[in-house]
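One structure is given below, encoded as C-alpha cells.
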Amino acid sequence: MASRQHVAMTGNEAVAHAMRQINPDVVAAYPITPQTDIVQFFSQFVADGVVKTEFVTVESEHSAMSATIGAAASGARAMTATSSQGLALMWEMLHIASGYRLPIVMPVVNRTLSGPINIHCDHSDTMGALTTGWIQLYSESAQEAYDNMIQAVRIAEHPDVQLPVMVCQDGFITSHGIENLEVLSDEEVAQFIGEYKPVYSVLDVNRPITVGPLVLPDYLFEMKFQQAKAMEAARRVILEVGKEYGRLTGREYGFFEGYRLEDAERVIVVLSSTAGTTRVVVDELRRKGEKVGLLKPRVIRPFPASELREALSHARAVAIMDRAETFSTQGGPLFCEIRAAFYDAPERPLMRNYIFGLGGRDVGTSQIEKVFADLAADLARGSVKTPVSYLDVRE
Amino acid sequence: MTELKSAKDIPIGGIIASPGNSRSYRTGEWRSQRPVWIPEGCVHCLICWVYCPDSAIEVEDGKMKGIDYSHCKGCGICVRECPRKEKALRLERES
C-alpha cells in the first residue's frame, strides 16, 4: 500500500494487516477462536507472496510459542498469535520467551478460559499471564490494535527492553466487529519499525553463543533482576515510542487515556472495548451536568502505578472494572493493583470493584449507568458499602 | 570461590556469549569428598582416566599426572575402579 488509507476492517483484519506491513521473518501459529482470522488472513499473505515470512504450521500453541522462541533466538523477527486456551497451553514457553529476553510480538484476542468452555470475551487469559514477564498493551478498537502492533515491535526490540509484548483486543467485540480505521502506508511502517538488529543470534557463526543453558542459584537471581530492570526501562520506551508514533500519525499513545477526566468526581477505570461504551455514558451524564469521567488503561505490564495515582488523585469515587476474576475474594487484578498504588497517597478516593462481562456477558450503557449511580450513592453515604460486586449477574 | 559478577556485567537472558568457557567454570567447588593420588602405588593403567566423567584426570605422555581439582566433583568413580585400590587412589572427606 503506497499511501495512507481509511479502510473498513475487523480487529483481526487490522492486526493481520499490521503483520503484513511489519513483514516478520517467521510466524509460527495455530488457529484458535476468536484469533483464527489473524492466522487465516496472514497465511493468505504468505500464499500470495506479499510477505517474505517463513510461515510454520504447528500442531499446538505450545509448539507455536516454542518455534517462535527458536526463530527469535536465531535473530529473526518472529511472531505468533493466540487466545484463551492457546495462551494457557503456551504457559511455560511464555516465561521462557521473556526469560531469554526475546522481543516477540504476539497479538492476543481476549477470550475466557475454560471451564466451562466458552469462546467469548473476558480477560481471564491475559490477566492470568500478568506474571509471565511480558509487556501487555490493551486495545479498545481495531485502530488501537493496529497502532499497538506497530509500536509493540519498537518497544520489544529496544536495546534497553528486549522483552516480548502481548497486544490484546476483545474477542469478537473488537476482533470481529468492522470499523473504519486509518492504516499507514507500507513504507511508513517499514521506516517506523526499522531494520531489526538482534543483540544476539544463535545463527551468527562469527559470534557463537549458547541459548538456554542451565543457570544455577549463583546467577539466576541476577538474570531475573535484569528482567525487572528491563521492565522498568520499558516504562520510558513505551512513552517515547508512543510520542514518536503520535508525531507520525496524530495518534499519540501513553500508559492510559483519560476521557473528561480532568474535573471528574466519579470515574470508571476499564480496559479495552468497554471503554467505548463508558465514553457514551460519560457524555450522556455530562449533558445532565454530572461530573463523571473515564480512565482507560493501555499498559498493564509494566504497571504505571504513580501515573495512575496522579491521574485519579482528584477523583472522589472510583469504580475499577475487571473482566477477570482472581477468586481471591478481594476483587479483580486491576482493582488490587490500583488500590495498592494508592497506599502511600495522602488522600484516597472511595474505590470499589466490579467483576463484569465474564464469558462474553454483554455490557451496555445501562450497566455503566448503574456503576456511576452506585458511585453517587457511595459518595452520598461517604463510604463504600460493597467493595467487590458482580455487575449484572443473577445472584 | 569463583568471583561472582553483578547483573550489569553478565549477558541478558542466560546467554553464554563466550564459547568454550566451561573450562573456567570451577565445578570442583561442588565437591564434598576428594580423590587423592598416591604416585608410588600407581601403575599408570589409566583406568581412572577412562572412567572419569569430568575429564579431571590429568595425563601427560601416557602417564597419570594428577587430578584437576578445579573440575573434579568428587564422585569417587576413579577410586572405585582403580585396580590398585587404596595403594594408588584414596577418597578423603573435603575439609
Side-chain angles (χ1 to χ4, degrees), chain A residues 68-70 72-75 78 93-104 132-134 156-164 197-234, chain B residues 1-36 48-59 66-81 89 91-95:
Chain A
T68 307
I69 286 168
S74 75
M93 304 315 291
L94 294 178
H95 285 264
I96 288 172
S98 61
Y100 288 4
R101 306 293 299 281
L102 300 171
I104 294 164
T132 56
W134 284 61
E157 292 174 4
H158 192 284
D160 296 343
V161 179
Q162 294 285 304
L163 287 172
K197 295 188 186 75
V199 182
Y200 295 108
S201 163
V202 85
L203 292 183
D204 183 353
V205 290
N206 296 316
R207 276 178 72 212
I209 58 163
T210 299
V211 174
L214 175 73
V215 178
L216 291 169
D218 54 356
Y219 276 107
L220 188 122
F221 202 174
E222 277 65 30
M223 282 160 191
K224 291 294 146 188
F225 180 74
Q226 289 176 328
Q227 249 179 282
K229 286 299 200 193
M231 217 28 127
E232 217 169 277
Chain B
M1 285 288 284
T2 314
E3 199 172 325
L4 294 171
K5 293 176 181 169
S6 75
K8 287 193 285 294
D9 301 322
I10 51 174
I12 58 168
I15 281 168
I16 296 176
S18 48
N21 71 356
S22 55
R23 239 180 262 115
S24 62
Y25 193 65
R26 288 156 69 178
T27 49
E29 288 171 2
W30 304 355
R31 202 171 49 238
S32 64
Q33 50 182 13
R34 62 162 60 202
V36 177
C48 53
W49 177 83
V50 171
Y51 275 90
C52 176
D54 253 310
S55 305
I57 304 294
E58 294 173 326
V59 173
I67 292 159
D68 171 9
Y69 287 117
S70 296
H71 297 98
C72 167
K73 297 197 193 84
C75 71
I77 198 167
C78 54
V79 175
R80 187 189 162 100
E81 297 299 331
L89 277 168
L91 206 56
E92 286 182 3
R93 187 159 290 280
E94 194 67 59
S95 52

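The structure presented is a predicted model; accordingly, all values stated were derived computationally and were not measured. Naming: A, B, ... by sequence-line order, numbering from 1 per chain.
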Can you give each donor-acceptor pair under 3.5 Å made by side-chain atoms of residues 156-163 of chain A, sequence neighbours left out, with the distance rounded to 0.1 Å?
| from | atom 1 | to | atom 2 | distance (Å) |
| --- | --- | --- | --- | --- |
| Glu157(A) | OE1 | Arg77(A) | NH2 | 2.9 |
| Glu157(A) | OE2 | Arg77(A) | NE | 2.7 |
| His158(A) | ND1 | Asp160(A) | N | 3.0 |
| Asp160(A) | OD2 | Arg236(A) | NH2 | 2.8 |
| Gln162(A) | NE2 | Glu157(A) | O | 3.2 |

Highest number of heavy-atom pairs under 4.5 Å with chain A: which of Pro11(B), Ser6(B), Gly20(B)?
Pro11(B)

Contact part of Lys5(B) toward chain A, heavy-atom cut-off under 4.5 Å: side chain, backbone, both or neither?
both

Could you list which of residues 70-79 of chain B have a heavy atom closer than 4.5 Å to any heavy atom of chain A, in residue-number order?
none

Check salt bridge (Lys or Arg N to Asp or Glu O under 4.0 Å) between Glu232(A) and all other residues, then give those that pass, not counting sequence neighbours.
Lys229(A)

Residues 216-227 of chain A vs chain B, non-hydrogen distance cutoff under 4.5 Å, contacting residues -> Leu216(A), Asp218(A), Tyr219(A), Glu222(A), Met223(A), Phe225(A), Gln226(A)

Given a strict heavy-atom distance threshold of 4.5 Å, which part of Tyr100(A) is in contact with chain B: side chain, backbone, both, or neither?
both

Looking at every non-hydrogen atom in both residues, tell me the closest pair between Ile209(A) and Ala17(B) and how far apart they are.
CG2-CA, 3.9 Å

